[in-house]
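Notes for the one structure printed next.
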Amino acid sequence: MNSLIITENVHKNYGSRSKANAEALAGITLQIAAGEAVVFMGPSGSGKTSLLSLIGCMSRPTSGRVIVDGQEVSRLSERFLTRVRRQTFGFVFQQYHLIPELTVLDNVMLPMYPELTGVAEMKRRALHALAEVELTAFARRRVAQLSGGEQQRVAIARALVNQPRILIADEPTAHLDSRLGRELLERLSLLKQAGLTLLIATHDPLVCQHPLVDRVVTLHDGRLVEEAGR
């Protein structure tokens, strides 16, 4: 397998090593190919979010290695780690983290502001991302005026605006009813067909059983306990 993502014996500790609950990850070794859709399952506290945070360059392992596209990111300086995160990953958070007082367009443009991109180009790219989730007509509307499903689509557009190779979604259906959940999964299927690698943390059987998923990885107490392919 030509792996886009590799974790090698990754451990992650929070707080004091003397505390029994400080170890969030306990030796995770995993390989993920480009274009795969991988679901991470497990109860709260199993390590799903911690693992995705390490893969997505949002935190560092206590020990072990994380390699993304042939580059070991686990030892990069914060400056270069930020660059890899911005250029490689898009994130859809469980709580969306949108700014309700801003317009939909402004929210989608936010990830581009640290880059040296003119405002006209940022707007063009943001509108293109909104078109992908069928929200172009909502560009000037404030996020506070949107439904939960519409906010979810804005969050996806924001995640796509920097044209990432990998999309990380943490409990993406947690606040959606079954109809909206199915619509979201169909959108994710289209993104996968376009070449994106999808990493999804979830408790939702609807997600795990969807045809877009290539593999389900189950974690428990920070350990990988099962990998099931389709």
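Here the structure is a predicted model, which means the values were calculated and not measured.
- For the pair L188/L167, a side-chain contact is recorded, criterion being any heavy-atom separation below 4.5 Å from C-beta on.
- The two atoms that bring H210 and E186 nearest to each other are NE2-OE2, 3.0 Å, heavy atoms only.
- A salt bridge is defined here as a Lys NZ or Arg NE, NH1 or NH2 lying under 4.0 Å from an Asp or Glu carboxylate O, and R187 with E183 fails to meet this definition.
- Between R153 and E150 there is no salt bridge, since none of the side-chain N atoms of the basic residue sits less than 4.0 Å from a carboxylate O of the acidic one.
- In this structure, the side chains of R60 and S74 stay at 4.5 Å or more apart for every pair of heavy atoms.
- Side-chain contact check for Q151 and S147: no donor-acceptor pair (N or O, by modelled atom type) lies under 3.5 Å.
- Counting only heavy atoms from C-beta outward, the side chains of Q145 and F138 never approach each other to under 4.5 Å.
- Salt-bridge formation is detected for the pair K192/D214: a Lys NZ or Arg NE/NH1/NH2 atom is positioned less than 4.0 Å from an Asp or Glu carboxylate oxygen.
- Of the charged side-chain nitrogens involved, none lies within less than 4.0 Å of a carboxylate oxygen, so that R142 and E101 do not count as a salt-bridged pair.
- The local environment of NE2 in H203 is crowded, with over 12 non-hydrogen atoms from other residues, nucleotides or ligands closer than 6.0 Å.
- The shortest side-chain heavy-atom distance between I67 and E8 falls under the 4.5 Å cut-off.
- No side-chain donor from either of N9 and T29 sits under 3.5 Å from a side-chain acceptor of the other.
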